There are 2 protein chains.
Amino acid sequence: MNNYQIDNLDKSILNALMENARAPYAELAKRFNVSAGTIHVRVEKMKQAGIMQGTRVTIDAKKLGYDVCCFIGVNLKHARDYPDTIEQLEKFEEVVEAYYTTGNYSIFIKVMTHSIEHLQDVLINKIQTIEAIQSTETLISLQNPIAREVTP
Amino acid sequence: MNNYQIDNLDKSILNALMENARAPYAELAKRFNVSAGTIHVRVEKMKQAGIMQGTRVTIDAKKLGYDVCCFIGVNLKHARDYPDTIEQLEKFEEVVEAYYTTGNYSIFIKVMTHSIEHLQDVLINKIQTIEAIQSTETLISLQNPIAREVTP
DNA sequence: TATGAAAGACCGCTCCC
DNA sequence: GGGAGCGGTCTTTCATA
């Protein structure tokens with residue numbers, strides 16, 4: 001289950017499905033010169049191994065009115081408050097990612113909001129109400145020129 | 001094409017497909033008490049409007065040997081070097097995301113590597129060889145407790 | 001053990017109501 | 001927006017190397 005060593009065919013399939021999860025197996029089969037059955041077997045194996053976790057549609061956040069993307073570095077009063085703080089942050093739907101980091105900040109989060117006013121609201125009325133947080137530092141993202149995944 | 005106002009049904013469909021892009025339309029239809037044809041029409045509309053951009057399989061980077069995730073704040077010597085720098089960063093497959101930001105850093109990137117040694121290699125032999133970069137600051141991510149998308 | 005070919009079930013797409 | 005038929009895709013099974 002855990003350590004399935006993937007070969008070149010698996011990598012090719014992964015790459016293709018990372019671009020389009022609904023690509024027909026028959027098409028991949030033709031492209032990689034194997035049969036559709038083989039594609040199916042490989043996909044199932046990678047699912048079993050946990051390499052492929054699932055399929056998601058990617059949405060354009062801007063089209064849904066989320067115009068502002070920013071990162072916020074969070075400093076905690078005490079490191080032990082970390083689990084509680086994550087639990088609280090998770091309740092705010094604007095917080096889409098959180099990382100526990102070494103370096104300048106204790107927690108590093110990615111926040112999506114509809115506007116700068118909305119961001120202010122989230123900062124003041126949501127994030128900074130969390131007791132354990134000592135200070136925050138905001139980095140507003142103006143552009144996102146690179147957005148991809150790791151290459152298998 | 002641009003400003004398609006989504007309703008509650010659209011939101012429900014989006015939410016479902018964000019969790020599983022291969023969910024059968026018939027199943028969604030049953031769940032939301034509409035017909036499969038309606039699901040199809042809505043999905044097509046949202047595709048046309050650019051709200052749904054595509055489908056991706058989500059992969060477990062750790063299972064592919066990418067154990068180290070980190071963020072690197074990059075400072076440029078001159079702001080005008082931004083486009084060139086992005087172009088160069090894009091060539092390094094370890095750089096999976098890049099943001100042009102206001103605040104402490106000019107560019108903020110997310111980097112995935114196989115190990116700390118690999119990260120060092122990327123930093124020294126790839127990123128810091130870019131002329132326009134004045135300094136970098138690394139935040140290593142130890143955990144990623146929140147990872148989701150915006151709620152429609 | 002892994003692959004290839006074919007049959008069956010399922011799903012998505014389209015037309016008409 | 002709902003329902004039915006067609007075409008395509010996925011899945012399974014069996015034979016093979």
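Being a predicted model, the structure only gives us computed values, none of them experimental. Hydrogens, waters and symmetry mates are skipped; everything else that's a heavy atom, side chains included, is used. Quick note on labels: first sequence line is chain A, next is B, and so on, each numbered from 1.
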Please report, rounded to the nearest Å, how far the [atom2] atom of [N] is from the [atom1] atom of [X].
X       : N      : atom1 : atom2 : result
B:Lys30 : D:dG3  : NZ    : C1'   : 17 Å
A:Phe32 : C:dG4  : CZ    : P     : 14 Å
A:Ile13 : C:dT3  : CD1   : C1'   : 13 Å
A:Ile39 : D:dC10 : CD1   : C1'   : 13 Å
B:Asn20 : C:dC11 : CG    : P     : 12 Å
B:Tyr25 : D:dG1  : OH    : P     : 15 Å
B:Leu28 : D:dG1  : CG    : P     : 15 Å
A:Asn8  : C:dA2  : CG    : C1'   : 17 Å

Task: Verdict with reasoning, A:Glu94 to A:Tyr66, per side chain to side chain donor-acceptor pair (under 3.5 Å) - done: CA-CA 10 Å; A:Glu94 291 89 350; A:Tyr66 286 91; over 6 Å; no

Report yes if a side-chain nitrogen or oxygen of [X] is closer than 4.0 Å to either non-bridging phosphate oxygen (OP1 or OP2) of [N]; otherwise report no.
X       : N      : answer
A:Arg42 : C:dT3  : yes
B:His40 : C:dG12 : no
A:Ser35 : C:dT3  : no

Q) Can you tell which of B:Ile140, B:Leu139, B:Ile146, B:Asn144 makes a side-chain contact (heavy atoms from CB on, under 4.5 Å) with A:Tyr99? A)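 When side-chain contact (heavy atoms from CB on, under 4.5 Å) is applied between A:Tyr99 and each of B:Ile140, B:Leu139, B:Ile146, B:Asn144, only B:Asn144 qualifies.
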
Select from A:Val34 and B:Ala26 the residue whose nearest nucleotide in DNA chain C is closer to the 5' end of that strand.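 Mapping each residue to its closest nucleotide by heavy atoms, the 5'-most match is A:Val34.
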
5'-most contact on DNA chain C: A:Arg22 or A:Asn33, nearest heavy atom basis?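 Here A:Asn33 is the residue nearer the 5' end.
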
> Is the backbone of A:Asp81 close enough, under 3.5 Å, to the side chain of A:Asp84 for a donor and an acceptor to pair up by distance?
Replying inline: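 Pair absent, no side-chain N/O of A:Asp84 close to backbone of A:Asp81.
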
| At under 4.0 Å between heavy atoms, what does B:Ala29 touch on the DNA or RNA strands: base, sugar-phosphate, or nothing? |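 It contacts nothing in the nucleic acid.
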
### Message
If hydrophobic clusters are built from ILVMFWY residues whose side chains come within less than 4.5 Å, do A:Ile72 and B:Ile72 share one?
### Response
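Yes: a chain of side-chain contacts under 4.5 Å links A:Ile72 to B:Ile72.
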
Between A:Thr55 and B:Asn20, is any side-chain donor less than 3.5 angstrom from a side-chain acceptor?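 Short answer, yes.
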
_Can you identify which nucleotide, out of D:dG2, D:dT9, C:dG12, has its nearest atom closest to the A:Pro24 side chain?_
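So the nucleotide nearest the side chain must be D:dT9.
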
